[in-house]
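As structure tokens, the structure follows; a few thoughts come after it.
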Amino acid sequence: VQPNAAEAHCIDVAEASDRELVAAARQGDVTAFEALLRPLIEPGYRLAYSMLQRREEAEDAVQEAALNAWRAIHRLHEDSDSLRPWFLTIVLNQCRMARRSRWWSVVRLAELDGQVDHAEDRWVGRLDLLRCLATVSASDRAALWLRFGEDLSIEQVAAVLGISPSAAKARVYRAAGRLRPAMRVGEAQP
Amino acid sequence: MTLERRPEQEEDAMRHILRSAIEPPSPDLADRVLAAIVAQPERHRETRQHSMLSLVAVALAATLVITLVYGARLARRVAVPGSNAPVAGEVGSIAPAWIGATGVQPFLTSGAVWVAERRASGRTTIYRSADAGQSWTPRLDYDGGLPSQLLVGAAGEGVLVAGQRDPAAAELVLFHTSDGGASWQRVPPPITAQEWGVPYFADAGRGWVLASLGPASAEILSTVDGGRTWVESSPFNDRANFPGLSSARLRILWTSDGRGFVVPPLGAGAARAHVVLTEDGGATWRASFPAVPPGQDVTAGNAMLDAGLRPDGSGALFLQPVDVQRGGVPALFAYGTGDAGRTWRGPVRIDGAMSGGPPRALFALDDQRWWSSSGSGADLLVTADGGRTVHRHARALPAGYVFRSIGFSTAAEGWAVATAQGRTAVFLSGDGGATWQPLVPPS
């Protein structure tokens with residue numbers, strides 16, 4: 001059932017708590033949903049970028065995830081006091097779907113060197129890091145980003161990824177191990 | 001330096017490195033996303049009268065375009081299922097675009113062409129044509145993604161494995177038909193599961209699906225009647241062969257007698273490139289290692305794999321080693337199997353590196369007949385003898401179009417989805433991919 005904003009009860013988003021905003025959004029209040037979503041768009045983008053490694057695809061994934069979240073907002077548990085883990089899970093799954101298209105990874109890897117060349121000033125010194133990141137699986141990159149990029153706890157990472165805390169911890173440390181060579185290179189530079 | 005010796009310092013360095021590797025988003029990203037959200041309910045509030053007027057206008061415009069540009073070609077359509085005019089014609093320079101669709105997926109069954117069209121609203125419509133695309137009839141409309149399979153048997157029984165409507169929900173979205181696809185009924189989930197994998201059907205009756213019941217607990221269910229009834233076949237708790245992979249996200253290819261294999265995604269482990277197979281309906285699993293291509297440094301961490309499998313166990317495995325250091329994909333190799341992946345013939349080198357363009361479109365009909373896009377994506381490579389001889393159809397599509405995906409129901413009859421400058425078109429071939437004819441979308 002599509003939320004119907006015309007029939008929704010509107011609340012004062014400036015005064016409402018997150019729990020009240022979630023309740024209103026579940027009833028179809030688009031203003032409440034906007035208030036909840038706006039601060040999550042950039043974290044969602046960063047998570048998508050960590051998986052897709054390309055700005056355009058990451059922005060598309062976040063936009064599609066936001067639309068999916070709005071379509072499915074009535075399924076969010078009524079006791080939820082935050083949209084964050086639920087929305088990040090949707091972003092993650094949107095990225096997985098994007099990557100399911102055949103040979104997607106091959107094209108991205110093949111373009112890595114080109115990206116570095118085109119944005120030399122911004123990416124100078126990052127080639128080894130990008131190469132190392134490219135060898136880490138997208139799901140492990142997502143785990144790494146959620147843990148260190150977004151500073152989520154292992155339990156929160158597990159909740160977003162839909163896996164056990166021990167599996168999340170294993171992913172984070174496996175991915176971290178793959179990045180060590182790039183970190184050493186970074187330290188050696190002045 | 002290791003995480004054990006200096007964890008805090010290393011975690012700070014990790015944060016710095018990761019954050020510096022993220023390219024900033026467009027400044028207006030948040031505004032664009034929120035504007036799209038706000039526009040959603042507005043579209044749903046359109047009046048019926050307004051919608052009808054729009055529909056009539058679109059229909060008139062489409063009819064005009066079809067009449068002016070493609071009318072002359074309709075009499076020269078290629079031989080495809082349901083066609084009474086099996087004459088191959090010359091391909092023009094512009095193909096009709098599937099405007100308004102966010103994705104299209106064709107299917108060929110005996111006597112019919114099907115196209116699934118997904119729109120921005122998130123809904124997908126299944127169209128059927130019995131005259132090779134000259135006329136279309138909508139047969140199913142649902143809230144969800146493009147189907148992965150549409151199979152209709154000779155007796156009219158069939159299944160449609162739909163894409164999940166909400167990627168986070170991992171639902172079972174399956175439809176069944178008993179009248180050749182004229183009508184479809186949603187199949188209710190047979191058990192309560194936390195997550196459903198994507199079902200896979202060897203034919204219109206025999207299928208399998210993986211249901212995740214909770215942490216470290218999953219089951220394989222099977223059906224022999226197109227999903228109307230299911231039995232719980234085997235528990236699926238094999239973490240050793242599927243390290244770090246969510247069980248419900250695994251796509252298992254099956255034969256009709258319960259053999260099957262999984263092609264792990266890129267980066268799954270550091271072992272040799274391999275598939276994980278079962279010969280007992282999923283009760284036990286083991287890795288199967290195809291031979292490493294000579295001169296190639298291939299592991300599971302740098303090999304892109306894809307596969308096709310027929311109900312009798314014949315099939316093919318495609319491998320592209322990824323050059324992580326220099327970027328790019330040096331070559332395409334293929335293996336044949338006659339025993340559902342227990343043993344692999346080859347590898348046979350099919351092609352060299354792609355010269356840019358989109359990802360390869362690949363399809364294996366069995367262990368002998370394979371198709372692959374090549375060059376910049378506009379050429380098509382075809383082999384009918386397991387790769388011993390490969391024929392190249394250079395620029396098989398109209399100028400500017402490149403293959404995105406392909407599929408064949410027989411050695412002759414196939415479909416392709418292709419794009420040119422953002423325009424998506426669907427093509428049919430009746431001669432094994434040598435020539436392609438555009439499909440006119442439903443008006």
Side-chain angles (χ1 to χ4, degrees), chain A residues 2-6 30 33-34 37-38 41-42 45-46 49-50 55 59 62-63 66-68 70-72 89-90 93-94 96-97 101-107 109-113 126 129-131 133-137 139 144-145 148-149 162-164 167 170-171 173 176 179 182-183 186, chain B residues 1-3 10-11 13-15 17-26 29-30 32-34 36-38 40-41 44-45 120 122 143 145 165-170 195 215-216 244 246 249 265-268 301-302 304 306 320 322-329 354 358-362 405:
Chain A
Q2 179 69 26
N4 188 340
V30 71
F33 184 72
E34 274 188 77
L37 187 67
R38 182 176 283 278
I41 290 173
E42 193 152 332
Y45 164 82
R46 292 195 299 258
Y49 192 97
S50 75
R55 194 187 73 188
E59 291 187 350
V62 170
Q63 177 152 334
L67 290 169
N68 285 335
W70 174 234
R71 292 185 196 116
T89 300
I90 294 176
N93 284 312
Q94 189 62 40
R96 286 175 178 148
M97 289 181 71
S101 59
R102 201 174 296 178
W103 309 120
W104 193 95
S105 298
V106 175
V107 172
L109 285 168
E111 290 177 355
L112 271 181
D113 280 350
R126 299 293 172 202
L129 169 63
L130 292 176
R131 283 175 176 157
L133 277 174
T135 67
V136 178
S137 74
S139 55
L144 194 67
W145 174 258
F148 294 113
I163 58 178
S164 68
R171 281 194 195 183
Y173 279 80
L179 287 191
M183 292 173 68
Chain B
M1 185 170 73
T2 67
L3 280 173
E10 185 159 286
E11 286 181 4
M14 190 74 69
R15 281 188 190 92
I17 282 178
L18 286 171
R19 287 172 181 166
S20 66
I22 301 284
E23 193 176 354
S26 304
L29 175 63
R32 277 195 285 127
V33 170
L34 295 175
I37 298 289
V38 172
Q40 282 283 301
H44 283 264
R45 287 207 297 269
D143 187 8
R165 60 182 170 182
D166 178 355
E195 266 194 324
S246 168
R249 302 288 174 192
L266 179 71
N302 68 353
M304 287 294 300
D306 199 4
Q320 289 193 79
V322 178
D323 188 334
V324 177
Q325 292 304 313
R326 284 175 297 181
V329 181
M354 290 268 283
R360 283 185 194 274
L362 288 166
S405 57

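Computed from a predicted model, the values in this text were never measured in an experiment.
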Most contact-rich option vs chain B, by heavy-atom pairs under 4.5 angstrom, among A:E59, A:Q63, A:R38, A:R46, is A:E59
Between CG of B:L29 and CD of A:E42, what distance do you get to the nearest 0.5 Å?
8.0 Å
To the nearest 0.5 angstrom, please state how far the CG atom of B:L34 sits from the CZ atom of A:F33.
8.5 Å
Select one option (side chain, backbone, both, neither) describing which atoms of A:A167 are under 4.5 Å from chain B's heavy atoms.
neither
What's the shortest heavy-atom distance between A:A66 and B:V33, and which atoms?
CB-CG1, 3.4 Å
What heavy-atom pair brings B:G122 and A:R71 nearest, and what distance separates the two atoms?
N-NH2, 4.0 Å
